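Scroll down for the structure; my scribbles are underneath it.
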Amino acid sequence: MTFSARRLFSTLVLLTISSALWAETSWQEQPSGPLILTISGELDCCPSGTAYFDLQRLDALPQSVVSTMPPWTETTDSYSGVRLSELLTALGAKGNKISATALNDYSTEFSSDASLEYPVILATRRNQQLMRVRDKGPIWIMYPLNDYPQLRKEEHHHAMVWQLKSLQISE
Amino acid sequence: MRRLRYVFLLLVTLGFAIGIAASLISSQRSAELTSSRIQLSAWSLAQLEHEFLKFHASLRLFQADKLLAEQLQLDYDLLWNRLEVFLNGEENRAIRERFDAAALARSLLNQLKQDEALLFAPQLQPSEQIEQLIKAYSEYQQPIRRLIVRNFTGPEAASIVDEAHAQRFLTQGLLLGLLFCGGALLSLLFFESRRNNFLARNDALTQLPNRQSLLALQTGSVSPTAYSAVAVIEMNNFRTVNETISHEAGDRLLERIGQTLNQLKPEGSFIARVGGDEFLMTFSERFPADLVIETLKVLTKALSFDFQSDKQLFQVNARIGVVFNSDNTHSIEKLYYCATLATREMRLSQTRGLKVFDEEINNRYLRSQQLLSDLRRAINGTFPGLALHYQPILGLKQDVMGVEVLLRWNHPSMGYISPLEVVELAENNQLGLPFGRWLLQRLKQDLYKLPDEMREHLYFSINVSPSQFTPRLPNSLAKWLADAPISADQLLLEMTESISVANFNECQGILQQINALGVDIALDDFGTGYSSLSYLSSLKVQRIKIDKSFIQGISQDLQMQRVVRSIIELCHGFNFSVICEGIEDRADDQQIRSLGSDYAQGYFYGRPMALPGLIAWYSENRPQLLFSVQEVHDHHVRH
């Protein structure tokens, strides 16, 4: 009885609210593919406080494209992935402080302000190709430096973490 | 206002200092930023070593079967990426270019790429090949370590740090220099402005305050003090030096006067140069009147000296007018005014020395101002009393009779005004020319009123003042004669010696033109001036009028008789005819006739008379006077 009531409630939620919210139940669980991103914090979607993403889950979210030349490459390339602000909205994340950690345990903290104002993405592809670890994959936080030259500052360069492993959102 | 300017200057200086301090801080900060940039590249170098060591350790752990292949491959990828970043990243450019770091990183990356096939083989197991790899990568450990050490502590690194320091010192030095320059500029501005302020209130030559300072005293912008007396010192001959030698000589003279005044300046006095040759001196209220007079007497002496310049000697002296502030009620402005009146009177009478102002001086001044104003109107015909009188001049050797045209002003409230005063007033106030025009105009009117016989027989002698004696005089005389009822030989001009002495050459030209019209010229007041014989011989005049001071009492004075006889003989020698004036009795008349004078004038024959009086006198005395002529000439002789 309780179970079917919950299913009914979920169905109603599914009908009335967005499809992203439908996914929230699954984001808390381990994905079927290799885990590439863990997001923790106070998340509306995930009462446990942690959301897990494989590539498939990230790809299921709306994708944005940023064409730019970051200071560590010598060419302008087209990067695509989910927009950070959209992901945070979908997660129902509370807080504007983001702590990003890379595969080599490099870690940095930055404010979400710039990501709300500009199309900052979690790039998973460069020129439509998935990025390997040696190419700063699987996820590279990408700022649109070409379109918004005002972002070419050390402050934002620090936030452009490559080989991203996890994000921690806090107030 | 001045204080406000200084406050503003202070604010500007403060702003300047703050700006420079801010620049210093900003320069310091930029140096720090630069060094953090160096730290950033150092970080990247450390990361490179870290990732390399981690990969190297993973290899050994994998070989010892203590690590999964996936972890080894992840570390492989991380090192690959680190090398790519090191070789391409903008922030690593500086470090990459030093110590062959780029070559080392590239060689390591090539090594990695070579080993990719081996390390990413499916079912990777510990093997001899992995052992080989451990050895191969060990070769890189030392060079990477050395790179880091050299980057942080080597001589090149030290030189970079030293250079950065030197740069900082240079910047600081530059800014301090800027501060010094700015300060110097401001102090320059300050001193310049102080100097300008001094010059605005002081005379550069005499170092005395100028008229501006006097005005400041008058308007009370300087704290008011009480004065016992105020003196105005006017220098005689300063203008002459300025005009006849040079302005430089004038300046030297002024400097000397300034020095004298500064030396003799009594305590508590204020001295200012208020005009070209005019100085003002105040005496403090503690100064008693007799001491003021004593001081000014000393000053008069000190200011009388011979000034030599350009082989010319000038006697410089001063006129000092002083006024006492007896009841201590008068303003400096009023006192200055009174003192100038005293000097003015000395200037007009051409005297020098010291004169104390009194009410009489003021009254005389007010009277002259009133007269001047009335004279202006009289010349324009809007004020009564100005008229012409005529005094007979007899021909002693020929049947010829003339009259001297004289001025009479019967002022409605002040009575008869002396012709000398009227002429002087007109001359000193630029009324000479209008006055001359008035005289000729009035004479013409009078001439028409004369009986024909009388007008045809008489000649008319008119006086010309210095200001009327201009190059335009012949022309205006010609115009006047054109519609006058007398002919040119019935007109005689009388001029004083001073006119022709002032500018002899120009004067000669004018005299010639007047003679060319047919008008004769007489030299008036002869014997009182400075005429030299050479001057007399070349002057284009026809008659000489011996001054009456030679004639008065001549019948009793043998010495004077000899003098006059000599003059007359001399004049005849030069072909001038002679008029003696001031004949008062029969004895005088007999005397000058015996001395050989050609013409005579005086109360003995007739006083100056108004026109009706002249007509009456003429009809009454004409036959009798004719009779007295001793030698009769057929015609009027022109010389």
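Note that this is a predicted model, so its numbers are computed, not measured. First the proteins, then the strands, lettered A, B, ... as listed; each starts at 1.
By the neighbour-count criterion of 12 heavy atoms within 6.0 Å, atom CD of B:Gln132 is densely surrounded, having more than that number from other residues, nucleotides or ligands. At most 12 non-hydrogen atoms from other residues, nucleotides or ligands lie less than 6.0 angstrom from CD of A:Gln56. Within a 6.0 Å radius of CD in B:Gln142, no more than 12 heavy atoms belonging to other residues, nucleotides or ligands are found. Around the CZ atom of B:Arg145, the shell of radius 6.0 Å holds no more than 12 heavy atoms that belong to other residues, nucleotides or ligands. Under a cut-off of 6.0 angstrom, the local environment of CD in A:Gln150 is crowded, with over 12 non-hydrogen atoms contributed by other residues, nucleotides or ligands.
Neither the backbone nor the side chain of B:Gln73 comes within contact range of chain A; no heavy atoms are under 4.5 Å apart.
Both cation-pi conditions hold for A:Arg134 and B:Phe120: the charged atom is under 6.0 angstrom from the six-membered ring centre and inside a 45 degree cone around its axis.
The closest side-chain heavy-atom distance from B:Glu84 to A:Trp72 is not below 4.5 Å. Using a 4.5 Å cut-off on side-chain heavy atoms (C-beta onward), A:Val133 and B:Leu78 make contact. No side-chain heavy atom of A:Gln163 sits under 4.5 Å from any side-chain heavy atom of B:Asp77. Between A:Asn104 and B:Gln47 the shortest side-chain heavy-atom distance falls below 4.5 Å.
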